[in-house]
Amino acid sequence: MMTWQDIDPRTPVLVGVGQSSERIGEPGYRRLSPVELAAAAVREALADTRADPAAVAAAVDTVAGVRQFEISGPGAPAPLGRSDNFPRSVANRVGAAPARAILEVVGGQGPQHLVNEFAAVIAAGGARAVLLTGSEAISTVQHLAGADDRPDFGETVEGDLEDRGYGLEGMFSRYEAVHGLTDAPSRYALFDNARRARLKQSRQEYAAAMGALFAPFTKVAAANPHSAAPVERTAEELVTPTERNRFVAEPYTRYIVAREKVNQGAAVLLTSVEEAARLGVPRDRWVFLHGHADVRERDPLDRADLGAGPASVMAVRHALEVAGIGVADLAAIDLYSCFPIAVSNICDGLGLPADGSRELTVTGGLPFFGGAGNNYSMHAIAEIVQRLRAQPGAYGLVGANGGLLSKYSAGVYSTTPAGWRPDDSAALQAEIDSWPGVPQALRADGWGVIETYTVKHARDGRRTGIVVGRLEDGDRRFLAMAADGDADMLALLTTGEPIGRRVYARSFDFGNRVSVSEARLEELFPPGTAR
């Protein structure tokens, strides 16, 4: 076992973590902006080092920020304004003047990816002290957007910025948009319904399993002071449709999807061992990154099985291999939980129980603790670090998911001293990229079978059926929607088992439509409809 004397002075180590939050209507609510929430978390992280906060802030040579939703896409609204250089806005508030400032790409993998990336930079001598931070104030922004005394969160900040762009390639296409796949719940619902069919479970059995998976998360969230929804709920309560818990996209009710209306910030401080010692950070604050991996899955419609994300599982397995441990050695786990499939996919691949018998979150999870945009896993890392300090020598895992089970970053942590261990994610990625794609039909005409589906539920009661199918001609995959007013097709999608059922598709200028028969489509779209 490595001793303190054996450690290379450039070895990266986590020395401080911090979190901040506020809830509208509760004592102490301050209407903090995203920058102010992040700065509050950074101050907590500086204090958490148990060294001189001013000296630690002054030592920061690199700051990297995670994007809020309002800067995660072209044209995203920011009703109260925003900083034009988020990382430097935060750094300025805490007395840091880093030479380098970075704005990371979109995706929930971001916080763990940044730890992996900058741990390697520190190990190579490219940095000595790195500050990672992010936040969301969606709850406050929506609450105050129409207020007469609304604050102005706009800032113009001097200093350079390495803006890495949105990183949305492969996340969204016009083909998907014209077929109703414009939101995360409906797209993830396709994955969960495909998994349910593969497991040969009924709708009722699968709903019960989703409830059993997430009910323990609510217990953790209820005890977390930073939770956006600190309410413990039963498995049945989570998945039973009610007026307050309406269907969003089947099989999801509102309680089991990520909660984006939060006011939360988090921060992580990384230094070299040498810098930590120079700053006077006590060794009992040091947490080492023992294993790590970063991969990207095939684009959704290219995946052989829409009910699984094998690349994510590969990332976690590789991180454990680099750390030299197995799943049984983990004392704490936090799996990204935007939707049930993001958790159950890892459980399936690693043999983890999904029945509540093993804790799979340290925060309470995105539907209950809060889906703090791209920054959720920064909170998970902060919680893991605190738990491991209380259990010296124990191991913890953070699994961070981005996109549509698309981008996955994993990290294994422990207080046990360990030198920097490079990963081989490039070899994993080469293997993933070599997997064959699935032939597709952008214009679908003829008989096919349903591969997976969802039904979107609008607040006004309107329902929209969406299907992923395979044409009998060439086994090509296609997207289609049920036509407005097609009660027969909606009945097929909302009762029994639609997957594997034979349906008829027809292409039009406005996209593909599908129904229970060719005759039914002709009734809905008489000859002459623009095709």
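Since we're looking at a predicted model, the values are computed, not measured.
Using a 4.0 Å cut-off between a side-chain N of Lys or Arg and a carboxylate O of Asp or Glu, Glu451 and Arg470 qualify as a salt bridge. Between Arg195 and Asp348 a salt bridge is recorded (basic side-chain N to carboxylate O distance below 4.0 Å). With respect to Asp284 and Arg389, no salt bridge is recorded, no charged nitrogen being found less than 4.0 Å from a carboxylate O. The residues Glu176 and Arg187 are annotated as salt-bridged, a charged nitrogen and a carboxylate oxygen being separated by less than 4.0 angstrom. The pair Glu162-Arg100 meets the salt-bridge criterion, with a side-chain N (NZ, NE, NH1 or NH2) lying under 4.0 Å from an Asp/Glu carboxylate O. The residues Glu117 and Arg164 are annotated as salt-bridged, a charged nitrogen and a carboxylate oxygen being separated by less than 4.0 angstrom. Checked for salt-bridge contact, Arg67 and Asp163 meet the test: a charged N lies under 4.0 Å from a carboxylate O. The residues Lys261 and Glu136 are annotated as not salt-bridged, no charged nitrogen and carboxylate oxygen being separated by less than 4.0 angstrom. A salt bridge is absent between Glu158 and Arg88: the closest approach of a Lys/Arg side-chain nitrogen to an acidic carboxylate oxygen does not fall below 4.0 angstrom.
In summary, the side chains of Ser83 and Asn85 do not present any donor paired with an acceptor at a separation below 3.5 Å, with no hydrogens or angles considered. With no hydrogens or angles considered, no side-chain donor-acceptor pair links Thr11 and Asp8 at under 3.5 Å. Donor-acceptor pairing under 3.5 Å is recorded for the side chains of Asp334 and Thr361. A side-chain donor from one of Tyr206 and Asp192 sits under 3.5 Å from a side-chain acceptor of the other. With 3.5 Å as the limit, one finds a donor-acceptor pair spanning the side chains of Ser72 and Asn374.
Judged by distance alone, the side chain of Ser377 and the main-chain N or O of Ala380 form no donor-acceptor pair under 3.5 Å. A donor-acceptor distance shorter than 3.5 angstrom exists from the side chain of Lys456 to the backbone of Gly180, with no hydrogens or angles considered. The closest donor-acceptor contact from the side chain of Ser227 to the backbone of Ala229 lies at 3.5 Å or more, if one exists at all. Remark: the backbone N or O of Ser186 is not paired with any side-chain donor or acceptor of Thr454 at under 3.5 angstrom. Judged by distance alone, the side chain of Arg285 and the main-chain N or O of Asp48 form a donor-acceptor pair under 3.5 Å. A donor-acceptor distance shorter than 3.5 angstrom exists from the side chain of Arg477 to the backbone of Arg303, with no hydrogens or angles considered. Side-chain atoms of Tyr188 do not come within 3.5 Å of backbone N or O of Tyr252 as any donor-acceptor pair.
Here Tyr395 and Tyr413 keep their ring centres 6.0 angstrom or further from each other. The ring of Phe217 has its center no closer than 6.0 angstrom to the ring center of Phe369. Ring to ring, Trp420 and His290 are not that close: their centroids are 6.0 angstrom or more apart.
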Criterion side-chain contact (heavy atoms from CB on, under 4.5 Å) on Gln109 and Tyr336, from CA distance to verdict:
CA-CA 9 Å; Gln109 80 291 337; Tyr336 202 91; over 6 Å; no

With side-chain hydrogen bond (donor to acceptor under 3.5 Å, both in side chains) as the criterion, how do Gln264 and Ser21 come out once you've worked through the C-alpha distance, each side chain's angles and the decisive distance to 0.1 Å?
CA-CA 4 Å; Gln264 296 170 330; Ser21 63; 6.0 Å; no

Give the intermediate values and the outcome of side-chain contact (heavy atoms from CB on, under 4.5 Å) for residues Val35 and Ser135.
CA-CA 7 Å; Val35 168; Ser135 60; over 6 Å; no

Please walk me through it: do Gln440 and Asp302 pass side-chain hydrogen bond (donor to acceptor under 3.5 Å, both in side chains)?
CA-CA 8 Å; Gln440 296 176 33; Asp302 281 329; 3.1 Å; yes

Between Phe368 and Phe214, is the ring pair (Phe, Tyr, Trp, His ring centres under 6.0 Å) condition met? List the steps.
CA-CA 9 Å; Phe368 318 109; Phe214 272 169; 5.7 Å; yes

Derivation of the side-chain hydrogen bond (donor to acceptor under 3.5 Å, both in side chains) call for Thr140 and Asn263:
CA-CA 7 Å; Thr140 283; Asn263 299 315; 3.1 Å; yes

Test side-chain contact (heavy atoms from CB on, under 4.5 Å) on Ile325 and Leu330; report intermediate values, then the result.
CA-CA 8 Å; Ile325 65 169; Leu330 294 168; 3.9 Å; yes

Go through the steps to decide whether Leu352 and Leu360 satisfy the test side-chain contact (heavy atoms from CB on, under 4.5 Å), and finish with yes or no.
CA-CA 9 Å; Leu352 283 166; Leu360 300 174; 4.3 Å; yes

Evaluate the criterion side-chain hydrogen bond (donor to acceptor under 3.5 Å, both in side chains) for residue pair His379 and Gln19; output intermediate values, then yes/no.
CA-CA 7 Å; His379 294 272; Gln19 299 182 75; 2.9 Å; yes

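The shortest side-chain heavy-atom distance between Thr62 and Arg128 does not fall under the 4.5 Å cut-off.
Rounded to the nearest 0.5 angstrom, His226 NE2 and Thr363 OG1 are separated by 11.0 Å. Between the CG atom of Leu388 and the CD atom of Glu383 there is a distance of 11.5 Å, given to the nearest 0.5 Å.
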